Amino acid sequence: MDRAKLAVYLVGLFGLVTIGQAAGLASMAGFKPQLSVFFGSGLAMSGVAVWTLNKGCYEEFDLFRRRELAFWAVTVGVLGYIAVVPLQFV
């Protein structure tokens, strides 16, 4: 799979996990205005990913085709975030 397309999927996944984290925090502490930043940023990231996948234009993510190190840094960061977020609620 193309690294640019995979990076788009990672951005969408990051957005969904961010929304899930905001929902988890809201269930523990009640909805606070600060949590709207989590919801909003998660929706924005997921929206960008869906829009990019729908249009099929990955020019904005061309960096990940050209720079393998940047791709792997983002991949490790997103996967680490996904692994750590559920641990907060255990």
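Source: prediction; values computed, not measured.
When every heavy atom of L13 is checked against every heavy atom of I82, the shortest pair comes out as CD2-CD1, 3.3 Å. Scanning all heavy atoms of the two residues, the minimum distance from R3 to R65 falls at NH2-O, 2.7 Å. S46 and I19 make their closest contact through OG-CD1, 4.4 Å (heavy atoms, listed as atom of the first residue, atom of the second, distance). Across A4 and F61, no two heavy atoms sit closer than the pair CB-O, 3.5 Å.
Taking CZ of R67 as the reference point, atom CG of D62 lies at 10.5 Å (rounded to 0.5 Å). Going from atom CD of Q21 over to atom CZ of F39 covers 10.5 Å, rounded to the nearest 0.5 Å. Considering CZ of F71 and CG of L63, their distance stands at 11.5 Å, rounded to 0.5 Å. We find the CG-OG1 distance between L43 and T18 to be 10.0 Å, quoted to the nearest 0.5 Å. Taking OG1 of T52 as the start and CD of E60 as the end, the distance is 6.0 Å to the nearest 0.5 Å.
No continuous path of ILVMFWY side-chain contacts below 4.5 Å connects V50 to Y9, so the two sit in separate hydrophobic clusters. Both V11 and V85 belong to a common hydrophobic cluster when Ile, Leu, Val, Met, Phe, Trp and Tyr are linked at side-chain heavy-atom distances under 4.5 angstrom. No continuous path of ILVMFWY side-chain contacts below 4.5 Å connects L6 to L16, so the two sit in separate hydrophobic clusters. The hydrophobic cluster containing W72 also contains L10, counting ILVMFWY residues as joined when their side-chain heavy atoms lie under 4.5 angstrom apart, directly or transitively.
Ring geometry for F14 against Y81 counts as tilted: the plane angle lies between 30° and 60°, on a 0 to 90° scale.
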